[in-house]
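From a predicted model like this one, the values you see are computed outputs, not experimental measurements.
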Amino acid sequence: MVRAYRFAPYPKGALRIKSNRKALLACRFTTGTIRVGADGRQVTLPRPGTIRTHEPTVRLLACVHAGTARILSATVLHVRGRWFASFQA
């Protein structure tokens with residue numbers, strides 16, 4: 001038996017539990033121009049530029065144009081190599 005497997009902190013072949021202590025790459029934009037794209041899938045933020053949204057924003061865009069909603073802030077989140085944006089309206 002190989003020494004590395006004999007003294008491993010977990011049994012060979014078992015799943016290792018990943019740490020939940022890793023910092024989440026996220027930031028919130030509350031000031032500046034927050035624009036929703038006409039296609040309903042992209043948003044333009046002040047610093048990072050154009051980012052794809054996690055969900056379609058067609059209903060939000062319709063409410064903003066109707067005057068019944070206002071975008072208060074946008075949160076940008078990095079998940080598995082992609083950047084996503086969500087809104088607080």
Do side-chain atoms of T68 reach the backbone of C63 as a donor and acceptor pair under 3.5 angstrom?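 Between the backbone of C63 and the side chain of T68 there is a qualifying donor-acceptor contact (under 3.5 Å).
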Backbone N/O of G40 and side chain of T57: donor-acceptor pair under 3.5 Å: yes
Who pairs with Q42 by side-chain contact (heavy atoms from CB on, under 4.5 Å), at least two apart in sequence or on another chain?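 side-chain contact (heavy atoms from CB on, under 4.5 Å) check on Q42 returns D39, T50.
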Which heavy atom in [X] sits nearest to a heavy atom in [Y], and how many Å separate them?
| X | Y | answer |
| --- | --- | --- |
| L61 | G37 | CD2-O, 3.5 Å |
| P46 | G32 | CG-CA, 4.0 Å |
| V43 | R35 | CG2-O, 3.0 Å |
| E55 | R41 | C-NH1, 3.0 Å |
| A74 | L45 | CB-CD2, 3.7 Å |

Applying a strict under-4.5 Å side-chain criterion to I, L, V, M, F, W and Y, I'd like to know whether F87 and V64 cluster together. yes
Does atom CZ (R59) have a neighbourhood of more than 12 heavy atoms from anything else shown, all under 6.0 Å? no
Let's go through L25 and L77 carefully: what are the C-alpha distance in whole Å and the side-chain angles of both, what is the deciding distance for side-chain contact (heavy atoms from CB on, under 4.5 Å) to 0.1 Å, and is it a yes or a no? CA-CA 6 Å; L25 291 177; L77 181 69; over 6 Å; no
